[in-house]
Amino acid sequence: MTILLTTLNARYAHASLGLRYLLANMGDLQEQTQIHEFVIGARSTDVVEKILAYRQPDQKLIVGFGVYIWNVVEITQVVAILKRVAPDVVIVLGGPEVSHETSEQDIIRLADYVITGWGDVSFPALCQQIINGPQPLMKVHAGLQPPMKDIKLPYDLYTDQDIRHRTLYVEASRGCPFKCEFCLSALDKTAWPFEIDAFLQEMESLYQRGARLFKFVDRTFNLNIKTSLKIMQFFLDKLAAAPHDPVFAHFEVVPDHLPDALKEGIQKFPAGTLQFEIGIQSFNPEVQSLISRKQNNDKAAENIRWLCEHSHAHLHVDLIAGLPGETMESFAAGFDKLVALGPHEIQFGILKRLRGTPIIRHTDAYQLAFDPMPPYTILANKDVPFAAMQRLVRFARYWDMVANSGRFANTLPVILGESPFTNFMALSDWVYANTDATHRIALDRLAGLVSNWLQHERGISKETVENLVSSDYAGHAQHKQGSEKSAKAGDKTGSTVKATPQRQSRHLAA
Ligand code: SF4
């Protein structure tokens, strides 16, 4: 019997932590278990062909798929083809997308077994049953959640190739104590930490093997401050010992909980070594209360401002459009408030209906209409009709290209003026009207569009606009040259930029 663990990642650079957890916990089945990761966009028939290459003569093949909102459509195709050409292959599904509403999904109808929730111990147990009998009677198995100390950590399964070329996902805890109704973690009700010293030992081995980019998937890094400090100290020690070969760490934090001890630690990180993803989602207290999100808005704003002014952390702050009770006006007010705080990036997301999340309790009262196809994006609600939601979707796309990209650092404040949401929406509507496109707009063309809009719609002189836009290009070129020069000379700035992801480097250079 051969067991293959597989999934389709969103990008090659994303190494699946979930598959590595399964492999680490296979026990005496580990020797016959392998991982093969694919990337979204691969041809389904090619994926099936590669999966079937693992089949040994006269032996059964069990294939475990990690199914997520971003790959469910493609994995459904793969499973459908697999079942046509090799019906004897045993297919086991797991992952958040198949952990809820199991009776309503095509992919589940096609598969042999499904494990909902945690798979660390339940997947190997199910494989044992399939191999040694008695054969499992049920199709859907509720995954058992073992004590955290019983879960084998998977970090030694990151290969040298992963360490060199891919983002390493790590987690010091699972779960979240908060209950935001749009989020799958709302179902956890609490967070479960891994034993911190054992975890840091694994981080040490990764570091010694050359890992420099660590992305924490913990839902709330700053929940237990003692643990957060210990983790931060680990990275600070590395930075102190090897400032010319720095690490880069990414954490998700809740914005209204930043005690002084944590601030002190944060301040010690040099530029280009620390990134925070901060969920604001909405600044509207009525919306927050509707979706059971507890957030002290004043404290959150104060902390974001403090981080911008007193730390070098790169800040990526999330807002969600389309939440029940959020009007265009209240969303605009929240957006403007956030822009004024000055984070490097605003991730402007559109509400999605993740399977299992309690947000659907508002469906009737707020006329929530979601796309029936993944990723189940909201199309309209009582306060934001379809046409207006479309404008928000395009705003989000152009915002990413113009603002978050860091390519228009000098021009952006002029675009936004005193009313960031209104002005950027005007640019967004205009660009769409003139291009009919939200993707594949080359940078030069985008710069031309922005220049035209500033001149013809905002009445700014040609000379001023040309100076502005070209200063962004010049800044980028200078930064590029500077990085190359300093990297060659091996100085501190060049090395820091080398460890820092490209987009963050642009924001640092701005
Ligand atoms: S949105 Fe963040 S804080 Fe809220 S439940 Fe999800 S992970 Fe927890």
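One-based numbering, in listed order, for ligands and for the atoms of each.
- Heavy atoms of Arg293 found under 4.0 angstrom from ligand 1 belong exclusively to the side chain.
- Within the sub-2.8 Å shell of atom 8 (Fe) of ligand 1, the protein contributes these N/O/S atoms: Cys176 SG.
- Remark: Arg174 is positioned above the aromatic ring of Tyr21, its terminal NZ or CZ atom under 6.0 angstrom from the ring centre and at most 45 degrees off the axis.
- A 6.0 Å sphere centred on NZ of Lys189 holds no more than 12 heavy atoms belonging to other residues, nucleotides or ligands.
- With sequence neighbours excluded, the residues that form a side-chain contact (heavy atoms from CB on, under 4.5 Å) with Glu195 are Asp197, Ala198.
- Here the side chain of Thr76 pairs no donor or acceptor atom with the backbone of Ile107 at under 3.5 angstrom.
- For the pair Lys230 and Phe234, the cation does not sit on the ring face, since its NZ or CZ is not both under 6.0 Å from the ring centre and inside 45° of the axis.
- Within a 6.0 Å radius of CD in Glu286, no more than 12 heavy atoms belonging to other residues, nucleotides or ligands are found.
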